[in-house]
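Quick notes on the structure that follows.
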Amino acid sequence: MRPSIPKGTRDFGPEEVLKRNFIFDRIREVFVRYGYQPIETPAMEDLKTLTGKYGEEGDQLLFKVLNNGDFLSKADEDALKNRDSSALVPSISKRGLRYDLTVPFARFVVMHQNDIPFPFKRYQIQPVWRADRPQKGRYQEFYQCDVDAVGSDSLALEAELAQIYDEVFTKLGLKVVVKINNRKVLAGMAEAAGIPEHFLSMTMAIDKLDKIGMDGVKKELAGRGLTEEAIEKVEQMLGIQDLSGLKGVLVDSDIGKQGVEELEQVFDYLSLGDTHNDIRFDITLARGLNYYTGCIFEVAVDTTVEGQEKVKMGSIGGGGRYADLTEVFGMKQNGSGVGISFGAERIYDVMEELKLFPEDKANTLQLLFIAFDDKSHRYAFKALQQVRAAGINAELYPDPKKRLNKQMKYADNRGVPYVVLVGDREMESGELGLKNMATGQQESLRLEQIIEQLK
RNA sequence: GUGAUUGUAGCUCAGCUGGUUAGAGCGCUGGAUUGUGAUUCCAGAGGUCGCCGGUUCGACCCCGGUCAGUCACCCCA
């Protein structure tokens, strides 16, 4: 048979894994520096944990795992007869692959609420799965890197998360825009426009502003049944760039005012420290996941920065506050959480495009021993151990009977910077041939000298 | 879930309106060179033309379906 892998999934070769780890390591460093602790949760969750948390669209994108054994014997007869897939699912599948890390985390917090300190600050770097149609920057299996804090309403946490975005992307050498908004502001806008019942449609339309433009948004709002008057009000509010202006418009909406005040506080905290990226209020930021209740975040590549103009990539991170998510799992108090996520795959793609990955020599082979016969192979095997003990990444070509040019070719393919050649002459003199693969130069040195040079 | 587009050697691709034996570059194997890779020269291996079906005397080429990649939409990281 022909080998293949499921669509939307990928293999990663050594070079890619090293680069991916570079991203994960930078992210993890910052998470740890801010006091967050690691957890891991299973790839599979009970389906009931996942369904209903991501909206209707999200439910359709969940991977369901077929029950073990004779699952059809317990299948819903009617659903089966009517070919009604969505009605059939509960009777043949009780588990699904996680769709994100936030919902499993909320489940984790509630299950372990008596064992963990609050506020609980955790980070989690694991793959998630979505049954989406793959395209540019979108896969069915991809990694998310989440930081969340549960058990505190403090807006210092929102500010801290924005700082984390700032710091991670600075370490990665990527200039970004961190957009911040608040669901309460959006709710206030709906109130001010007299359309609180259209809150969700309004946010979804607004979310598309940078893609379809103001005219597109207006068309979409009209299509969703808003009056011309309401649409005009929404358009006016979308033109507001600063928080103080917004406060005046939302004066009659308590929730709207609250949202503005929260944002003011977040930016006040941020003003106490230095940041390196454009962190700004953006009234057009909406975000689709419907469990968000307060501040929301989204990160995009800053295309106004020199060298990054041509990057076309959607959001490379997002998050927000979810006050009620743990309540769904039965937690009565202390349950407000806030968190952000890094889209590692998209960050990878952007960094690849901009050539931001450094040569990471620490993780690759530094020295290769090549022996000409069994006797020198034994000699090299012994020398190898000393080299490794000195902290140099080294290996010995395992088969000395292979022709020398084969072995040299292997060295070339591995991209190893230095080769040590060992044969009769070298064993006799105790001076080994150290060859620099880049220049082709070769010199005779004692093993200790070689170690000294490569250290 | 909707639409567009592509699928030929390990990789990147060429292949005329449908006509015998499907090609190139790179890579791979062997040799020139049994103590030297990357450069040079010589030779060689490697193909169910994504898969299934149809049209035709004849299909890599045309038609239908299907699978996969890519891109856009919906949504999203």
Side-chain angles (χ1 to χ4, degrees), chain A residues 1-10 13 23 27 54-62 85-86 98-102 125-146 165 176 203-205 207-208 211-212 216 220 286-290 297-301 312-320 340-350 368-373 376 397 400-427 432-442 444:
Chain A
M1 63 165 274
R2 262 206 207 161
S4 64
I5 56 174
K7 82 169 152 193
T9 66
R10 298 149 299 161
I23 294 175
I27 290 173
Y54 310 106
E56 213 174 301
E57 289 275 352
D59 283 357
Q60 285 181 352
L61 299 181
L62 284 175
S85 305
S86 50
R98 64 168 168 253
Y99 178 92
D100 71 358
L101 300 178
T102 307
I125 299 177
Q126 288 192 280
V128 303
W129 294 268
R130 296 183 188 179
D132 219 350
R133 194 95 155 237
Q135 57 178 276
K136 188 181 170 70
R138 176 183 292 188
Y139 308 96
Q140 293 201 337
E141 177 185 69
F142 62 98
Y143 272 72
Q144 286 193 329
C145 314
D146 273 33
Y165 269 142
V176 296
T203 55
M204 282 171 76
D207 199 33
K208 295 180 203 161
K211 217 173 225 171
I212 60 180
E220 176 133 356
R287 289 196 66 76
L289 292 179
N290 54 17
F297 303 91
E298 196 159 292
V299 185
V301 175
K312 282 209 170 72
M313 182 64 77
S315 105
I316 53 175
I340 56 172
S341 178
F342 289 79
E345 322 284 342
R346 289 189 174 180
I347 294 169
Y348 180 100
D349 288 348
V350 171
L368 175 74
F369 280 83
I370 289 177
F372 301 153
D373 53 35
S376 51
Y397 193 90
K401 294 199 173 65
K402 273 267 164 63
R403 297 166 51 94
L404 187 53
N405 67 19
K406 273 277 103 69
Q407 301 196 49
M408 287 302 293
K409 189 145 189 157
Y410 173 78
D412 194 46
N413 287 338
R414 282 296 301 270
V416 63
Y418 290 96
V419 166
V420 167
L421 296 137
V422 187
D424 284 340
R425 301 205 291 262
E426 286 75 11
M427 283 190 290
L432 312 181
L434 178 69
K435 177 163 179 142
N436 180 325
M437 292 298 283
T439 63
Q441 299 273 314
Q442 190 170 328
S444 294

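Computed from a prediction, not measured in an experiment: that's the story for all the values here. Numbers restart at 1 for each chain; the letters A, B, ... are given by sequence-line order, proteins then strands.
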Checking all strands, does A:Leu421 fall into the base, sugar-phosphate, or nothing category for heavy-atom contacts under 4.0 angstrom? base

A:Lys208: partners by side chain to side chain donor-acceptor pair (under 3.5 Å), with sequence neighbours left out: A:Glu220

Results of side-chain contact (heavy atoms from CB on, under 4.5 Å) for A:Ser341 - residues two or more places apart only: A:Gln144, A:Asp146

Heavy atoms from C-beta onward define the side chain here; which of B:C75, B:U70, B:C28 lies closest to that of A:Asp132? B:C75

Which part of the nucleic acid, if any, lies within contact of A:Ser341, taking any heavy atom under 4.0 Å across all strands shown: a base, the sugar-phosphate backbone alone, or nothing? nothing

By side-chain contact (heavy atoms from CB on, under 4.5 Å) - contacts of A:Ala411 (at least two apart): A:Leu368, A:Val416, A:Val419, A:Met437

Contact letters for nucleotides 3-12 of chain B, in which S counts primed atoms plus P, OP1 and OP2 and B counts the base, heavy atoms under 4.0 Å: B---------

A:Gln407 side chain to A:Leu404 main-chain N or O, any donor-acceptor pair under 3.5 Å? no

State whether the side chain of A:Ser376 and the backbone N or O of A:Phe372 hold a donor-acceptor pair below 3.5 Å, judged by distance alone. yes

Short side-chain N/O contact from A:Lys208 to OP1 or OP2 of B:C75, under 4.0 Å: yes

Using a distance-only criterion (donor-acceptor N/O pair, under 3.5 Å, no hydrogens), is the base of B:G35 paired with the side chain of A:Glu426? yes

Is there aromatic stacking of A:Phe142 against B:A77, centre distance under 5.5 Å, plane angle under 30°? yes

Expressed as a whole number of angstroms, how long is the span from A:Glu220:CD to B:C75:P? 7 Å

I would like to know whether A:Glu141 and A:Arg130 meet side chain to side chain contact (heavy atoms under 4.5 Å, CB included); could you show each step before the answer? CA-CA 7 Å; A:Glu141 177 185 69; A:Arg130 296 183 188 179; over 6 Å; no

Would you please enumerate the stems RNA chain B participates in, each stem being three or more consecutive Watson-Crick or G-U wobble pairs with both distances under 3.5 Å? B:1-7 with B:67-73, B:10-13 with B:23-26, B:28-32 with B:40-44, B:50-54 with B:62-66

Given atom CZ of A:Phe297 and atom P of B:C76, what is their separation to the nearest angstrom? 18 Å

A:Arg346: salt bridge (Lys or Arg N to Asp or Glu O under 4.0 Å) partners, not counting sequence neighbours: none

Look at the side chain of A:Met408 and decide which nucleotide, out of B:G35, B:C76, B:U36, has an atom nearest to it. B:U36

Can you find a donor-acceptor pair, distance only, under 3.5 Å between A:Gln442 side chain and B:U36 base? yes

Would you confirm whether A:Tyr165, through its side chain, and A:Gly318, through its main-chain N or O, come within 3.5 Å as a donor-acceptor pair? yes

Between B:C76 and A:Arg130, counting only base atoms on the nucleotide and side-chain atoms on the residue, is there a donor-acceptor pair under 3.5 Å? no

Sugar-phosphate, base or nothing in reach of A:Gly8, heavy atoms under 4.0 Å: sugar-phosphate

Can you run down the salt bridge (Lys or Arg N to Asp or Glu O under 4.0 Å) pairs that involve residues 409-423 of chain A, sequence neighbours left out, and say none if there aren't any? A:Glu395-A:Arg414

Sugar-phosphate only, base, or nothing, as touched by A:Gly317 at under 4.0 Å among non-hydrogen atoms: sugar-phosphate

Collect all protein-nucleotide pairs involving nucleotides 31-33 of chain B in which both atoms are nitrogen or oxygen and the distance is under 3.5 Å.
none

With rounding to whole Å, what would you report as the distance between B:A9 and B:G15 at their C1' atoms? 14 Å

In whole angstroms, how far is the P atom of B:G69 from the NZ atom of A:Lys136? 16 Å

Respond yes when some side-chain nitrogen or oxygen of A:Lys7 is under 4.0 Å from OP1 or OP2 of B:C67, and no when none is. no

Can you sort out the partners of A:Glu345 under side-chain contact (heavy atoms from CB on, under 4.5 Å), two or more places apart, ordered by chain and number? A:Arg10, A:Phe12, A:Arg20, A:Tyr139, A:Phe142, A:Tyr143

Contact class for A:Tyr139 vs. all strands (heavy atom < 4.0 Å): base, sugar-phosphate, or nothing? base

Does A:Gly137 reach a base, just sugar-phosphate, or nothing at all? Heavy atoms under 4.0 Å. base

Taken in chain and number order and not counting sequence neighbours, the residues that satisfy side-chain contact (heavy atoms from CB on, under 4.5 Å) with A:Leu61 are A:Tyr99, A:Asp132

List in chain and number order the residues that pass ring pair (Phe, Tyr, Trp, His ring centres under 6.0 Å) with A:Phe369, two or more places apart in sequence or in another chain; answer none if no residue qualifies. none

For A:Tyr410, all residues meeting ring pair (Phe, Tyr, Trp, His ring centres under 6.0 Å), sequence neighbours excluded: A:Tyr397

Check this one for me: any side-chain N or O of A:Gln135 less than 4.0 Å away from OP1 or OP2 of B:A72? yes

Considering only B:A38, B:A77, B:G35, which nucleotide approaches the side chain of A:Leu404 most closely? B:G35

